[in-house]
J.: 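Pasting a structure here, questions to come.
Note that the structure is a prediction, hence the values are computed from the model and not measured. Every chain is numbered from 1, with letters handed out A, B, ... down the list of sequences.
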Amino acid sequence: MAQGKRPFINDKKAPDSRHDLDVIQQHVKDTLPAARRATVCIDLGDGTGSGVVVSPEGLILSAAHVTSGVGKEFTVIFEDGRKLKAESLGLVASTDCAMARIIEPGTYPFIELDRDDTAKLGDWVYALGHSGGFDKERGIVVRIGRLVQMKDSTVQSDCSLIGGDSGGPLFDLNGHLIAIHSRVGSRTPENMHVPVREFLKNWDGLTKAEFIGEGPFAKKPEKGKGFLGLGTKDRPGGGLDIEKVGRESPAEKAGMKAGDILLKMDGTELKSKEQLQDLLKEKAPDDRVALELLRNGKPETLTLRLGER
Amino acid sequence: MNAKRSISAALLVIAGSVGGAQTLETTFRTNGQTVQSAFEPVRTVLQDCSAVIQRERMKELGGGKKIAVYDDLSYGTVMSADGVILTKASELGEGEGLTVRVGTKTFKGAAILAVDPIWDVALVKIDATGLTPVKLATDSPDPERGTWVVANGATTKLKRLPQVGMISASAREISPGGGVMGISLTEKDKRLVVEDVGEESGAAEAGIKAGDILLAVGGQEVTDLEALTKLIERRRVGEEVEVSIERKDEKLTLDVKLGEELTRNDSMSGNFSERRNGFPRVIQHDIIANNSTVGGPVLDLDGRCLGMNIARANRCETFAIPAGDLRSLTDRLMTQAGVK
C-alpha cells in the first residue's frame, strides 16, 4: 500500500523557519478534506463520541468506552449531516480499542491506516472529532499537535481533546490514521490515544465482534442481567399468554403486545413461566434472542436484543 | 471522556513505573519555547498590536506600607495609533483603575468610552500617539481549517509571549445559551413549588429556598412548568429576572441572575470565559487560553489580524470575532465614543 513519503519536517527537532511552518500547514490543509469526510459522530442516544471509517464498506474504528459493548446499535453522522445506522463489533477492554460497522449497504469515504507503524515521537499530527457532539454549523474540530510520549498501548499528543472527541482519529501529516482518541490528563496539553497497532494486533477478534480482554474501558455483560420486559402467564396446552409489556422495554420496542401468545424462545418450546425465566438467566444484556409468537392466530417471529436489568 | 480522567491517571502511574516511555522534551512541544521561536516574526507584530488590560490596586505590606500591584483582567487589540483599544467587556468589572500595557509602555487612566453588549466588546481609550494598530485581514475570506494562528499567550512587563495553534472549525454564529435559575420545581395543585436550589446558582444567591412557591417571573404569572420554561429560555445567561415567590404566606420579589447549565465538558475546561455565547459570528481556533487571556488579536503567519479573541469556550475551543466584523464593530464603537 502506498504510504506516502515521510515529511522531512518530522525529522527536524523543531520548525525553525517560515518555510517549515508553511510545510506543516500545507500538509494539514492538503490531507484534511479526506480525513474530514471519513470522520463520524457516534450518536448513542444518551451521549456522543467520534469514530473514523477505514473501509469502503463502512468499517469504523472508535474507542471501547464509546461503543461500550458488542452488538450495540447506534447512529453515525458524517460531517455533511448524513445519518446512518451502525452496530458495534468487537472491542478490547484493556486498551480502549473498538470496531463498528455501518449496517446500511453503501460505499463510504474512508481513510488509510498507518499500517507500517511509522509514527515516531515528535511527529506532527492533528486530531479530528465532533467535540461535545455533532454541530452542523461548526463541523469537525481540528487540533494541531505533536506526539509527545510513546508507550506500548498509548501515544500522547498535545492536541487538546474534550468529551465527544473520544473514539475520533489522530492523523499524521500524510492523512493516515495513527491512533484513536481515548482519554485526557488534567492539563490541557495531555491527551491520550490508542495507536493503530493495537487495533491491528486484535483485528480478527474485532471484526468477529469479540469482547477482548478485561479492563477499565468496557464492562463485560453479565449473565442473568438480560432484560426482556414481559409479564406472562402459563397457558394450558403450551405457550405463554403475554399479560403485560413493560414501557420502554426491549419487548415493547420490538413490537410485542399484551394478548400475544409466546410460543418459542431461540427455538425452544415454552411450557411455563419458570422455564422462560431459566432461559433468560443464561442471557446477558445485548444478547440477541429469537421469539416466536401468535398474534390474532397468526405466527410471527421477532428477534430483539435484551436490555439490562 | 471526563469520566475516564481518574482512570487515566491510574494508568499513567502504572505505565510510568514500568518505564520504557519515550517523552518529547517540553521545549519541542507545540507550545514549547523552541517551536514558538519559529513564530518570532509574528511575535514581534504581536508585541506592538496587542495590549494587556490590568487593574491597579494597592496592596498592604504591613507597617503602613503599600505597593501598587496589577491584576491582569484581559488582553486587548490596538485599533488606532492614538490609543483606541478593544477588549472583552465582561472581564473588566467596574471601570475604575484601568491600566493598559502596549509594547514596553504602561498607560494609566484608561477610560471605557463605549461598550457593545452583543459582541461583549469594550472600547478603551488611552492617551497615546504613534501606536501600531493591527492590520485587519478584511480582504480575505474566512480563514480555513489548518491555518496557523498566533495570539498573546502570556506576558511579562516588557514582552508579549506567543501561543500558537490552528483555525479549527467553520465560521458561524454562536447562539445565546438559554439561562437557568438553578432550581428544580414540582407542580402541586396548580402551583410551582421549589424542590431544590442549586449550590452557587443565581437562585441561591438571590435567596430562594426549597419550599418557596413560585408566583411570577418577569412580571408574568406562572402556574406550570411549560409556561416557566417558555419565559426563561428566551433570556440570556447573565440576565437578571424579577421573580415573585410566596414563603409562609409572605410575598417576596427577588432579582435572580440567570446562570448557565454546566456540563461535564465544562468541568474539565479550566477557567473558560463566563460570557462565551451569543456572538453574531466567530472564527474558531485551538490556541489554549483562559478567561483573562482573551481580547487580543489573532494573527496569521504574515502578521495580519484574522480576528480578536472573544471567548475561551472550553478545553479545546477558542472563539474570535472575524476581521470583517471587527472592522465594522470598531467603526460603530468609535462613533458611539466620539473618537475619530
J.: Given the options Ala169(B), Gly32(B), Gly165(B), Ser37(B), which has more heavy-atom pairs under 4.5 Å with chain A than any of the others?
T.: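 The candidate making the most pairs under 4.5 Å is Ala169(B).
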J.: For Asp135(A), is it the side chain, the backbone, both or neither that has a heavy atom under 4.5 Å from a heavy atom of chain B?
T.: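 When you check distances to chain B, only side chain atoms of Asp135(A) fall under 4.5 Å.
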J.: Name the region of Asp302(B), side chain, backbone, both or neither, that has any atom closer than 4.5 Å to a heavy atom of chain A.
T.: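 Looking at Asp302(B), backbone and side chain both touch chain A.
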J.: Looking at every non-hydrogen atom in both residues, tell me the closest pair between Ala14(A) and Thr34(B) and how far apart they are.
T.: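 Looking at all heavy atoms of both residues, the shortest contact is CB-CG2, 3.7 Å.
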J.: Judged by modelled atom types alone, do Asn191(A) and Arg315(B) share a side-chain donor-acceptor pair under 3.5 Å?
T.: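 Looking only at side-chain atoms, Arg315(B) and Asn191(A) do form a donor-acceptor pair, the distance falling under 3.5 Å.
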J.: Looking at Glu190(A) and Arg29(B), is there a salt bridge between them, counting it only when a charged N and a carboxylate O are closer than 4.0 Å?
T.: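 Looking at Glu190(A) together with Arg29(B), the answer is no, because their closest N to O distance does not fall below 4.0 Å.
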J.: Closer than 3.5 angstrom, by distance alone: can the side chain of Trp148(B) be matched with the main-chain N or O of Leu21(A) as a donor-acceptor pair?
T.: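 Checking the backbone N and O of Leu21(A) against the side chain of Trp148(B), a donor-acceptor pair under 3.5 Å is found.
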J.: Which answer fits Ser269(B), side chain, backbone, both or neither, if we ask what part of it has an atom under 4.5 Å from a heavy atom of chain A?
T.: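 Ser269(B) touches chain A through side-chain heavy atoms alone.
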J.: Going from CG on Asn314(B) to OG on Ser160(A), what distance comes out if it is rounded to the nearest 0.5 angstrom?
T.: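 Reported to 0.5 Å precision, the distance equals 9.0 Å.
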J.: A quick test of your reading: do over 12 heavy atoms of other residues, nucleotides or ligands sit less than 6.0 Å from CD of Glu214(A)?
T.: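 12 or below, so no.
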J.: Under 4.5 Å heavy-atom distance to chain B, tell me which part of Ile144(A) shows up: side chain, backbone, both or neither.
T.: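 Looking at Ile144(A), backbone and side chain both touch chain B.
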J.: Is the number of heavy atoms from other residues, nucleotides or ligands under 6.0 Å of Asp22(A) CG greater than 12?
T.: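 More than 12 within 6.0 Å, yes.
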J.: For Thr23(B), which atoms come within 4.5 Å of any heavy atom of chain A: side chain, backbone, both, or neither?
T.: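 Looking at Thr23(B), backbone and side chain both touch chain A.
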J.: Which of the residues Arg145(B), Glu40(B), His285(B), Arg172(B) is involved in the greatest number of heavy-atom pairs with chain A at under 4.5 angstrom?
T.: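 Sorted descending by pairs with chain A, the first entry is Arg145(B).
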J.: Could you check whether any side-chain heavy atom of Val142(A) comes within less than 4.5 Å of a side-chain heavy atom of Gln284(B), counting everything from C-beta outward?
T.: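 No, every pair of side-chain atoms sits at 4.5 Å or beyond.
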J.: Heavy-atom count check: over 12 atoms from other residues, nucleotides or ligands less than 6.0 Å from Lys29(A) NZ?
T.: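 Yes, because the 6.0 Å sphere around NZ of Lys29(A) holds more than 12 heavy atoms from other groups.
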J.: Of all the heavy-atom pairs spanning Ile162(A) and Cys316(B), show the shortest one and how long it is.
T.: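 Closest approach of Ile162(A) to Cys316(B): CG2-SG, 3.5 Å.
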J.: Where does Glu317(B) contact chain A at under 4.5 Å (heavy atoms): side chain, backbone, both or neither?
T.: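 The side chain, not the backbone.
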J.: Could you check if a side-chain atom of Val184(A) sits within less than 4.5 angstrom of a side-chain atom of Met268(B), using non-hydrogen atoms only?
T.: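 Yes; the side chains approach each other to less than 4.5 Å.
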J.: Which heavy-atom pair separates Gln22(B) from Leu121(A) by the least distance, and what is that distance?
T.: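 So the two residues come closest at O-CD1, 3.5 Å.
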J.: Just do the side chain to side chain contact (heavy atoms under 4.5 Å, CB included) check on Gln25(A) and Leu301(B) with the steps written out, would you?
T.: CA-CA 10 Å; Gln25(A) 180 172 276; Leu301(B) 290 184; 4.2 Å; yes
J.: Identify the heavy atoms of Gly163(A) and Asn265(B) that sit nearest to each other, and give their distance.
T.: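 Smallest interatomic distance, heavy atoms only, reads N-OD1, 2.9 Å.
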J.: Take Glu144(B) and Arg36(A) through the salt bridge (Lys or Arg N to Asp or Glu O under 4.0 Å) test and state the conclusion after the steps.
T.: CA-CA 13 Å; Glu144(B) 34 168 23; Arg36(A) 282 169 67 185; over 6 Å; no
J.: Which pair of non-hydrogen atoms, one from Arg146(A) and one from Thr30(B), has the smallest distance, and what is that distance?
T.: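 For Arg146(A) and Thr30(B), the tightest heavy-atom pair comes out as N-OG1, 3.3 Å.
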J.: Select one option (side chain, backbone, both, neither) describing which atoms of Val28(A) are under 4.5 Å from chain B's heavy atoms.
T.: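 For Val28(A), side-chain heavy atoms alone lie under 4.5 Å from chain B.
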J.: At what distance, to the nearest 0.5 angstrom, does CZ of Arg143(A) lie from CD1 of Ile288(B)?
T.: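 Arg143(A) CZ to Ile288(B) CD1: 11.5 Å, rounded to 0.5 Å.
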J.: Is the backbone N or O of Arg138(A) less than 3.5 Å from a side-chain atom of Ser170(B), with the two atoms forming a donor-acceptor pair by type?
T.: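 Yes, the answer is positive, given that a donor and an acceptor are paired below the 3.5 Å cut-off.
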J.: Does any heavy atom of chain B fall under 4.5 Å from the side chain of Leu147(A), the backbone, both, or neither of them?
T.: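 Just its backbone gets close to chain B.
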J.: Using a 6.0 Å cut-off, check whether atom NZ of Lys225(A) has over 12 heavy atoms from anything other than its own residue.
T.: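 Count not over threshold, so no.
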J.: Under 4.5 Å heavy-atom distance to chain A, tell me which part of Glu173(B) shows up: side chain, backbone, both or neither.
T.: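 Answer is neither: Glu173(B) stays 4.5 Å or more from chain A.
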